[in-house]
Number of protein chains: 2
Amino acid sequence: MRRVRVRESVAVTSIRATILQTPAADRLEVSTDRVVRVEAGRIVGIDATGDHGGHVDVTLPDDVVLVPGFVDTHLHAPQWPQLGTALDQPLDRWLFEYTFPLEARFVDTDLARRVWDDMVPSLLRHGTTSVAYYGSIHEDATLALAEACASHGQRALIGRCAMDHPEGTPEWYRDGGPREAVDASGRSIEAIRALDDALVAPIVTPRFVPACTDAALLGLAELAAETGTTVQTHCSEGDWEHGHVLERCGVTDSVALDRFGLLRPNTVLAHATHLSDDDRSLIAERSAGVAHCPLSNVYFADRAFSARRAIDAGLRVGLGTDVAGGPSPSLLAQCGHAVAASQRLVDEGDPAARIDTTTAFWMATAGGADLLGIDAGVLEPGRWFDAVAIRLPAAAQWDDDWPSRFERLVRLAGASEIERVWVGGRQVV
Amino acid sequence: MRRVRVRESVAVTSIRATILQTPAADRLEVSTDRVVRVEAGRIVGIDATGDHGGHVDVTLPDDVVLVPGFVDTHLHAPQWPQLGTALDQPLDRWLFEYTFPLEARFVDTDLARRVWDDMVPSLLRHGTTSVAYYGSIHEDATLALAEACASHGQRALIGRCAMDHPEGTPEWYRDGGPREAVDASGRSIEAIRALDDALVAPIVTPRFVPACTDAALLGLAELAAETGTTVQTHCSEGDWEHGHVLERCGVTDSVALDRFGLLRPNTVLAHATHLSDDDRSLIAERSAGVAHCPLSNVYFADRAFSARRAIDAGLRVGLGTDVAGGPSPSLLAQCGHAVAASQRLVDEGDPAARIDTTTAFWMATAGGADLLGIDAGVLEPGRWFDAVAIRLPAAAQWDDDWPSRFERLVRLAGASEIERVWVGGRQVV
């Protein structure tokens with residue numbers, strides 16, 4: 001996101017707080033009583049309180065801690081009105097009978113604006129400071145999403161969804177052909193860049209192989225390369241998708257995406273539950289990674305994703321809510337689901353698959369930011385001040401050490417514990 | 001709970017609301033704009049608004065609905081301070097290194113009172129109007145729990161936990177022998193009954209077979225029969241417990257409990273993830289049932305419980321948080337986890353295992369009340385007015401029918417949407 005520019009209004013210049021964060025996948029860092037200095041939206045210094053002589057703008061209370069803002073690496077914006085419904089359907093029926101009809105309605109840009117103005121502030125209240133959004137196929141609704149993020153103050157990668165396959169999409173909701181899929185995506189990139197807003201950037205978004213023709217996939221890869229834009233798509237979500245790609249392309253989804261040219265640095269592959277060792281090596285080699293959507297996977301992926309294996313293999317890994325395939329907009333909730341998913345893999349015979357709350361939180365912050373290629377996810381000099389002030393949940397009263405308090409926070413906190421949220425130094429909640 | 005008497009203070013006499021409830025496992029009942037009339041804590045009539053002439057005490061706003069209070073059929077009260085921690089341990093280590101040391105501290109009745117005064121109001125705020133509690137082995141702390149429920153206004157079955165096995169329990173936290181296990185349990189029953197409070201009743205609580213000697217299990221069964229008290233215990237939670245009982249008794253946990261005399265009407269078996277068809281037939285024949293704890297099972301049970309099979313076999317089935325084996329005190333959250341658990345069974349090859357939010361909600365209300373043998377769980381004349389007023393989650397703005405709103409409510413609502421809670425006609429939140 002090199003194109004991001006500094007916003008004019010930055011309210012915070014110094015904040016005193018205890019910081020909990022996970023700069024590495026297996027490391028919780030506790031920094032009690034620090035002063036974070038912010039200039040032009042970025043952190044310029046973090047001092048021990050004693051070393052900081054001057055005025056402090058904000059001092060958090062003792063039961064409120066500062067953590068990096070949460071990064072949602074996979075969310076379908078036009079599915080926001082569907083949140084929490086129709087989760088008892090297999091993926092193909094869910095798409096054709098519920099999701100595509102809803103997304104098709106976003107031809108109505110007024111409806112889109114109404115949804116974005118509900119969704120973006122709601123996500124911010126959950127502490128989600130950055131999102132990789134899938135839009136619908138509509139350029140206007142997609143541009144309106146970028147405008148909503150800019151106006152509400154959320155960092156976002158925004159992708160107009162491309163889908164042109166005459167079998168994998170319904171007649172009433174698809175691009176007219178590969179040319180339209182690519183051209184409309186290109187115009188959408190230009191329109192979002194023309195906003196010239198520090199927070200928003202476009203991302204090339206072929207929905208997934210079953211929804212796109214080979215020509216569209218090739219064209220979108222060229223578009224990404226020509227425009228220097230990153231890519232997001234779905235990969236091996238469940239048996240159905242995995243099987244489709246194997247049959248159509250004769251190779252796994254990862255290999256197919258790579259042959260189309262879509263496996264680029266920071267490419268975000270959603271789900272990826274069916275990865276072989278070779279797939280993992282390939283994705284790591286391309287500096288790409290996975291949006292791990294543990295709650296959605298429960299309903300639609302028919303198996304759990306091994307975050308442990310992916311991290312160990314050197315993939316970038318973040319967490320995604322996959323709204324509305326996942327019925328919760330909370331990244332903290334995803335942390336619990338990520339640990340649960342790893343426990344399921346342990347039950348299924350892979351004792352090394354277990355991850356803990358530290359690794360889950362890392363995916364929700366530093367790992368996600370690294371996957372999306374944004375300078376956030378860790379509170380340290382040089383990065384954006386994207387941060388959340390969270391009140392410790394009541395159960396933390398029984399703790400006498402910070403690692404336990406951190407575990408309570410990840411397990412038990414939700415939107416009602418989130419007191420303030422900053423993005424690029426600007427307080428947005 | 002025939003012994004329950006009517007409380008003196010009952011504030012509500014009529015309330016106007018739309019009622020959502022599940023009188024049967026597969027049936028959602030929507031009753032728009034009704035007036036519920038309450039006398040002496042029980043519902044005496046539910047009228048269509050037009051048929052109700054007189055004054056109404058409370059009218060719920062249009063975006064707030066009335067549902068039956070939630071029934072938590074399995075919760076370890078002294079593990080409340082452990083909520084959300086140490087979930088990455090196998091069950092035996094979790095018990096000996098974390099849970100037993102914590103429970104042992106409840107020899108300090110002041111600590112116990114402090115925990116109960118935090119826990120009971122917190123559970124009420126989550127809409128939990130009835131709970132089947134496990135206490136610690138301490139009679140005083142257990143009595144204090146009954147007093148706290150009576151004073152905060154929560155309906156509860158309260159069991160002093162009996163555990164005397166020299167191998168299955170630590171030296172520093174066990175009953176002195178089978179006689180003490182039975183005598184102390186008997187004294188606890190008398191003390192709770194002596195409170196003479198309409199809301200609280202005792203329940204005989206052998207922890208589980210691995211923690212109890214044969215003599216204690218036989219003696220506790222006799223105690224239950226003699227005193228007319230129901231029973232709760234754990235059954236076949238995971239491989240470890242299941243294997244222990246098979247080896248020690250030569251039969252499954254259900255059969256062993258039946259031979260000890262503990263499988264009685266309304267006996268609450270927690271977890272029961274390893275049931276055979278014969279086990280299910282036996283439990284159904286005894287009019288007993290299962291406290292399904294789907295979130296806890298993710299961490300400690302190594303497999304999912306099939307609610308569908310249990311309901312179809314005629315078992316009573318309720319939901320349990322299993323605090324602190326389960327890190328959430330919310331029964332609504334358990335509904336989502338119950339659907340997820342059923343989806344896991346589908347993934348594992350049992351397509352008939354799927355349940356939906358209606359069935360999950362039925363377990364959280366009517367099913368749980370039936371399991372515990374209390375006159376609640378459905379809002380209908382003759383039953384206690386144990387009820388929750390919940391604001392529909394914001395996403396319900398996109399719905400135009402009640403079944404969809406109901407699904408949003410179950411999926412997305414939490415403590416922050418709960419506006420009022422009544423137990424036995426008395427408003428407690």
Where A/Asp347 and B/Val298 come nearest, the two heavy atoms and their spacing: OD2-O, 4.1 Å
Residue from B/Gly238, B/Ser416, B/Ala340, B/Ala395 scoring the most non-hydrogen pairs under 4.5 Å with chain A is B/Ala340
Under 4.5 Å from a heavy atom of chain B, the part of A/Asp239 involved: neither
So, do B/Trp398 and A/Asp118 sit near enough that their side-chain heavy atoms are less than 4.5 Å apart? yes
Might you confirm whether atom CG of B/Asp62 has over 12 heavy atoms from other residues, nucleotides or ligands at distances under 6.0 Å? no
B/Arg354 versus chain A, heavy atoms under 4.5 Å apart: side chain, backbone, both or neither? side chain
Between A/Arg408, A/Gln343, A/Met119, the one whose heavy-atom pairs under 4.5 Å with chain B are most numerous: A/Arg408
Checking heavy-atom separations under 4.5 Å from chain A, one finds in residues 327-338 of chain B B/Pro327, B/Gly336, B/His337
Check each atom of A/Val115 against the heavy atoms of chain B and say whether the ones under 4.5 Å are side chain, backbone, both or neither. both
Of all the residues in residues 78-87 of chain B, which have a heavy atom that comes within less than 4.5 Å of a heavy atom in chain A? B/Trp80, B/Pro81, B/Gln82, B/Leu83, B/Gly84, B/Thr85, B/Ala86, B/Leu87
